[in-house]
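This report concerns only the one structure given below.
All values reported here derive from a predicted model rather than from experimental measurement. This chain uses plain numbering: 1 for the first residue, then up along the sequence.
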Amino acid sequence: FTMKQILASREIQIPDDVTVEVKSRRVRVKGPRGELKRTFKHLQLQIEVTGKTLRVEAWFAKRKQLACVRTVCSHITNMITGVTVGFKYTMKSAYAHFPINLSIAADKKSIDVRNFLGEKRLRAPALYDGVLVESTGNKDEIMVYGNDIEHVSTSAARIQQCT
């Protein structure tokens, strides 16, 4: 027999330059850098906005549902951070003998990895929409940035894993 907690809730303060809309567990966050949407329909939670606070509640929840309350709050906080400041990953290519050539397209939406271990094959990892890549100016260093933390981090991981 496992205990149920009657009510578990967390609140998030919404900044002034951000608007958050919630309709049937679909969250839409708009800010100065753009708009992000996310669906939490697979979770039995109550999400409501009152003024400049967003409240996530779980009624009569067991341990796994209680963990989802904080997870959803973290996702929404990351969405708010994304539309206000954005996310940036800085990556550096390391090599021993064959210099890896990273060529970024003119629109900054794709990257090609050449001369990895002296191979002639061209590696072009797929990047998400809304994720941009540019050179930092330092030798063999690139910057992957965008609004959605999951898209930015997955794109950085794809660049790293294509080698």
How about [X] and [Y]: do any of their side-chain heavy atoms sit closer than 4.5 Å?
X: Leu45; Y: Phe40; result: no
X: Gln65; Y: Lys62; result: yes
X: Val69; Y: Arg10; result: yes
X: Ser103; Y: Ile111; result: no

Hey, quick one: are [X] and [Y] part of the same hydrophobic cluster, counting side-chain heavy atoms closer than 4.5 Å, chains of contacts allowed?
X: Leu117; Y: Val113; result: yes
X: Leu54; Y: Leu36; result: yes
X: Val72; Y: Ile149; result: no
X: Met91; Y: Val152; result: yes
X: Leu132; Y: Tyr89; result: no

### Task
Report the C-alpha distance between Thr154 and Val131 in whole Å, list the side-chain angles of each, state the deciding distance to 0.1 Å, and finish with yes or no for side-chain contact (heavy atoms from CB on, under 4.5 Å).
CA-CA 10 Å; Thr154 306; Val131 177; over 6 Å; no
Within this structure, what is the [atom1]-[atom2] distance for the pair [X] and [Y], rounded to the nearest 0.5 Å?
X: Arg114; Y: Ile100; atom1: CZ; atom2: CD1; result: 13.5 Å
X: Leu102; Y: Lys92; atom1: CG; atom2: NZ; result: 11.5 Å
X: Met79; Y: Ile12; atom1: CE; atom2: CD1; result: 10.0 Å
X: Thr81; Y: Phe87; atom1: OG1; atom2: CZ; result: 5.0 Å
X: Met143; Y: Ile104; atom1: CE; atom2: CD1; result: 9.0 Å
X: Thr50; Y: Glu48; atom1: OG1; atom2: CD; result: 6.5 Å

Could you tell me whether the side chain of [X] and the main chain of [Y] form a donor-acceptor pair under 3.5 Å?
X: Thr71; Y: Ala67; value: yes
X: Asn147; Y: Arg33; value: yes
X: Glu141; Y: Asn138; value: no
X: Asn115; Y: Asn101; value: no
X: Arg25; Y: Leu43; value: yes

### Task
Run the numbers on Lys41 and Ser24 for side-chain contact (heavy atoms from CB on, under 4.5 Å), then give the verdict.
CA-CA 7 Å; Lys41 283 201 162 273; Ser24 64; 3.6 Å; yes
Answer yes or no: does atom [atom1] of [X] have more than 12 heavy-atom neighbours from other residues, nucleotides or ligands under 6.0 Å?
X: Lys64; atom1: NZ; answer: no
X: Leu7; atom1: CG; answer: yes
X: Asp129; atom1: CG; answer: no

### Message
Apply side-chain contact (heavy atoms from CB on, under 4.5 Å) to residues Ile159 and Ile142 and explain how you reach the verdict.
### Response
CA-CA 10 Å; Ile159 293 170; Ile142 59 168; 4.2 Å; yes
### Task
Please report the C-alpha distance between Tyr95 and Asp140 in whole Å, then the side-chain angles of each, then the deciding distance to 0.1 Å, and finally whether the side-chain hydrogen bond (donor to acceptor under 3.5 Å, both in side chains) criterion is met.
CA-CA 10 Å; Tyr95 52 86; Asp140 299 325; 3.0 Å; yes
### Query
Are Glu21 and Lys37 ion-paired here, with the side-chain N under 4.0 Å from a carboxylate O?
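No, Glu21 and Lys37 are not salt-bridged.
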### Query
Among Arg55, Lys52, Arg70, which one satisfies salt bridge (Lys or Arg N to Asp or Glu O under 4.0 Å) with Glu11?
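Exactly one candidate clears the test, Arg55.
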#### Entry: Test side-chain contact (heavy atoms from CB on, under 4.5 Å) applied to Leu66 and Gln5, step by step
CA-CA 8 Å; Leu66 292 175; Gln5 189 169 331; 3.4 Å; yes
### Query
Tell me the ring-ring contact (aromatic ring centres under 6.0 Å, His included) pairs involving residues 130-156, sequence neighbours left out?
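Every ring-ring contact (aromatic ring centres under 6.0 Å, His included) pair that includes a residue of residues 130-156, provided the two are not neighbours, is Tyr128-His151.
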### Task
List the atom of Ser155, the atom of Leu127, and the distance in Å for their closest heavy-atom pair.
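Where Ser155 meets Leu127 most closely, the heavy atoms are CB-CD2, 3.6 Å.
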### Query
Which residues satisfy the salt bridge (charged side-chain N to carboxylate O under 4.0 Å, His left out) test with Arg123, sequence neighbours excluded?
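Residues passing salt bridge (charged side-chain N to carboxylate O under 4.0 Å, His left out) with Arg123: Glu119.
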